[in-house]
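On a predicted model such as this, the values are computed, not experimentally measured, just so you know. When a residue number appears, it is its place in the shown sequence, counting from 1.
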Amino acid sequence: MLFFLLVSLINPTPSQEWIPYFEDKKISISYSSKVCQDNQNGFAFEYYVIQVQNLTDQTLVVNFNKSPEENSKEEDLTAFVLKPKQVKTGSCAYNPVKLRIFKADRRPNKTSKAAPFVLSKISSIEVN
């Protein structure tokens, strides 16, 4: 027991808890919260990172809007291909398919109300 505690203090491994958001017979969507820091430019923003899993043996095109349906904007539309059983996960790093949504500004001199996590118009289409 003591050994495990010492190892975890020396080499901590961050665990990311995924919160289920949507699931049907084809896809599963979960999200988690992550602070992305850009020390060089003095930014610290918290994002909801999104994880999408293909639950099928088919290739899918996944579409959703990263805003509520009543406020949906063209720039919030996300579409990408998922191979059979593939999982795509958002991160702080640049990616053309941005699987993240701004949550809050975490710079020390800023106070920011956290935005809620909302997706709309979720769909998946099988392709051959």
Would you tell me whether Ser30 and Gln51 have side-chain atoms, one donor and one acceptor, within less than 3.5 Å of each other?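 No pair is found: no donor N or O on one side chain lies under 3.5 Å from an acceptor on the other.
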Looking only at the side chains, is there a donor atom on one of Glu46 and Ser33 sitting less than 3.5 Å from an acceptor on the other?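 Note: Glu46 and Ser33 side chains meet the donor-acceptor criterion.
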If a pair satisfies disulfide bond (SG atoms under 2.5 Å apart) and one of its residues is in residues 30-106, list it, with sequence neighbours excluded.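 Only Cys36-Cys92 qualify under disulfide bond (SG atoms under 2.5 Å apart).
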Using only atom types and a distance under 3.5 Å, with no angle test, would you say the side chain of [X] pairs donor to acceptor with the backbone of [Y]?
X: Lys66; Y: Lys98; answer: yes
X: Ser32; Y: Val49; answer: no
X: Asn54; Y: Lys83; answer: yes
X: Tyr48; Y: Val118; answer: no
X: Arg100; Y: Ser91; answer: yes
X: Ser28; Y: Glu23; answer: no

If you group Ile, Leu, Val, Met, Phe, Trp and Tyr whenever their side-chain heavy atoms sit less than 4.5 Å apart, what else falls in with Val87?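 Members other than Val87 - counting any ILVMFWY side chain reachable under 4.5 Å - there are none.
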Taking only residues two or more places apart in sequence, or in another chain, which ones meet Tyr21 in a ring-ring contact (aromatic ring centres under 6.0 Å, His included)?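 With sequence neighbours excluded, Tyr21 shows a ring-ring contact (aromatic ring centres under 6.0 Å, His included) to Phe117, given in chain and number order.
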Please determine whether the number of non-hydrogen atoms from other residues, nucleotides or ligands lying under 6.0 Å from atom [atom1] of [X] exceeds 12.
X: Glu70; atom1: CD; answer: yes
X: Lys85; atom1: NZ; answer: yes
X: Lys88; atom1: NZ; answer: yes

Does [X] share a hydrophobic cluster with [Y], counting links as ILVMFWY side-chain heavy atoms below 4.5 Å and allowing steps through other members?
X: Leu60; Y: Leu99; result: yes
X: Val62; Y: Val97; result: yes
X: Leu119; Y: Leu82; result: yes
X: Ile101; Y: Tyr31; result: yes
X: Phe80; Y: Ile27; result: yes

Distance from Ile50 atom CD1 to Thr89 atom OG1, nearest 0.5 Å?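 Interatomic distance, Ile50 CD1 to Thr89 OG1, rounded to 0.5 Å: 10.5 Å.
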